[in-house]
Amino acid sequence: MTQAQLHQLLRSQLKENDPKVLFDLRLATNVSLIQQLFFSLYPEQTHQLHFEKLLKLLPKLFASRPEALKKQDLRRLKAGNWYQSEQMVGMQLYVEHFNKDLKGLQEKIPYFKELGINFIHIMPITTRPKGENDGGYAVNSYHEVDKRYGTKKDLLALTAEFRKQGIFLMLDFVVNHTSNEFPWAKKAVQGDKKYQGYYYIYEDDTIPLEFEKNLPEVFPETSPGNFTYVPKMEKWVMTVFNSYQWDLNYTNPEVFLEMLTNLVKLADMGVDVVRFDALAFLWKKMGTISQNLPEAHDLISLFRMCLQVVAPGTILLAEAIVAPTDIIKYFGEGPTKGNECEMAYNASLMALLWNSIATKKTSLLYKSWGHVPPKPKDCTWINYIRCHDDIGLGYENHLIQELGWNPSQHRKFLLDYYCQRLDWSPATGRLFMYNPKTGDGRITGSAASLLGLEKGLSQKNDSLIDRSISKIIMMHGIILAFGGIPLIYAGDEIATLNDYSFQNDPSKKDDSRWLNRPLQDWETISKLENNQLPSSKVFYELRRLIAIRKENPVFADLNDVALYHTGNEHILVFERTNKKEGLLMICNFDESPQVMETSWVKKLGYFAQGDPKDLVSDSKIKVNSGLLEVMPYQIIWLKKN
Ligand code: GLC
């Protein structure tokens, strides 16, 4: 039983409604785990006082939590796992690209309602350096809203309105690093020893060079290496991402205590899900790659256990774009199973879907998913096909080899396919962070452009256009049906193409991720009634699929996804079940029709009441001689009667 379940149980048994009494109870329930995690990171012999400081901090943080949110916390404890519901459908957006600022965003609530969106991830909105700032992921503060978005008052108005309208909000917590303009960094540069201890700062490059022996590079093209020399300080500082993003030193418990306060303050603004940015990097140890270390997991769980005591209605999303077997660990393992993050990006599924599009085969997807250990039952995925970042090719080499493919040649093929190095490929993406030393690279581009719409439109090739529309719908149909919250990247719902304007902006031109960070095209949205446009076709079909998801509780995540092999390497099938219902998701990644044998589907009981219905086409499926035909890029949601 997870700590969250314990809190739910105690709350239901006690019939107690005083938030403070329930806070004390949660603290008592979590304190031994908190203590254990704390002392595993900060040994008791030297850090007894820090632990006492933490115990004093928690009630203080609770006291300043707004009353409305305390009440909401208790309602959520009663309601259970709201984040696993079939009603959850998300969208990720940049405020300034969506509709100017926070007020503009609030005006667009009817748009979300029309599409069926009730969960929104707003990209960073806090103050950041002028010029390069990694899209706001270099933070100058954790709570001050940058002027371009409006004010803190606007943010609070927005979160209050979202609450009223039943919309959940996710905001980033850039937990691994601050910008070099953050007050702590500024003080460190001025020579303040206390704040120098908040970062990994070294007198000379001896230790940095030792670290470098094992550390990979995140941005090898634009920010090679993991350390930056700061002349004003005459010292080296660890900067794993960009040179202006300083890594926080969590071996110092003061950093943890300050960041916990920052986290709770974020939750106090009405944030429902906190996106723990780049959390795989939180703990550094010489001689290791300093990613996914056990101490990082203890630290995240420690944050979680404390936040759960103070603000149990707020949950955490792991942004760990790492190997599938490593992602799953962010849900917690062993004593912290289910006590780390409630949600994680399903980066594995995302990358495997793009592999299936390029190869037209699902074999690597089946093989890889078969190796992903089951997640704890109270945790859920964020399923997505595109986001503001690149697509990394994080497949396991040995699984590629088992298919008889050469891993490096296979990756090269994918880069060639998506990044315009093959004439016949419909995709118009770009290479990102290509590392000639290793041949590694990643892919950028919008979903529609990567799926062929841009090429189809420029060549006025109707069949290419139609095929790309089917692909866009199929890819979204998969993430809508897979257990978890589907997160649509703003613009994809109207098939937005690549945005090349970043090339003229000096602060963006070296980062091709801006290709897939377009302005929301309200002009196109105003013309959606013309249902012959590709944008209209995608929008209306997605809206329909979202509505179907919401009408069918079988889409709720009960940790029930089961993949079925069909014997046809172009087809993907998984089943979703609850106590009463079943649903088979079937789709075809090939550009020719494919057939699938159905005797095993009968055995699962889908034909018990005659031919079953496909919810997508809203008609009964036809099976000839025991074979089901699946058209190119068709998606079928077969409902068990
Ligand atoms: C996350 C963000 C990415 C950013 C990085 C560093 O991976 O998604 O955009 O560059 O963190 O903060």
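Because the structure is predicted, anything quoted here is derived from the model rather than measured. First listed ligand is number 1; within each ligand, the first listed atom is number 1.
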Discussion item. Parallel, tilted or perpendicular: which one describes the rings of H177 and F241, with boundaries at 30° and 60°?
Written reply: tilted
Item to complete: Over 60° means perpendicular and under 30° means parallel, so classify the ring planes of Y199 and W246, tilted if in between.
Response: perpendicular
Heavy atom of M123 under 4.0 Å from ligand 1? no
In ligand 1, the atoms that come under 4.0 Å of a heavy atom of H388 are 2 (C), 3 (C), 8 (O), 9 (O)
Only residue of W184, F182, F256 satisfying ring-ring contact (aromatic ring centres under 6.0 Å, His included) with Y198 is W184
Per-atom filter on ligand 1: closer than 4.0 angstrom to a heavy atom of D389 are 2 (C), 3 (C), 7 (O), 8 (O), 9 (O)
In ligand 1, the atoms that come under 4.0 Å of a heavy atom of Q245 are 12 (O)
task: For the residue pair H297 and N292, confirm or rule out a side-chain donor-acceptor distance under 3.5 Å.
output: no
Given the options K100, E493, H97, K108, Q520 meets side-chain hydrogen bond (donor to acceptor under 3.5 Å, both in side chains) only with E493
the protein heavy atom lying closest to atom 7 (O) of ligand 1 turns out to be E319 OE2, 2.9 Å
Paired with W236, the ring-ring contact (aromatic ring centres under 6.0 Å, His included) test is passed by just one of Y229, F227, Y202, namely Y229
Taking distance alone, with N or O pairs closer than 3.5 Å, would you say R275 contacts ligand 1? yes
Ligand 1 atoms nearer than 4.0 angstrom to some heavy atom of H177 are 6 (C), 12 (O)
protein heavy-atom neighbour closest to atom 4 (C) of ligand 1 works out as D134 OD2, 3.3 Å
Result for side chain to side chain contact (heavy atoms under 4.5 Å, CB included) between R128 and one of V174, V139, D146 points to D146
Within the 4.0 Å heavy-atom cut-off, what F219 brings close to ligand 1 is side chain
re atom 1 (C) of ligand 1, the protein heavy-atom contact at minimum distance is D277 OD1, 2.7 Å
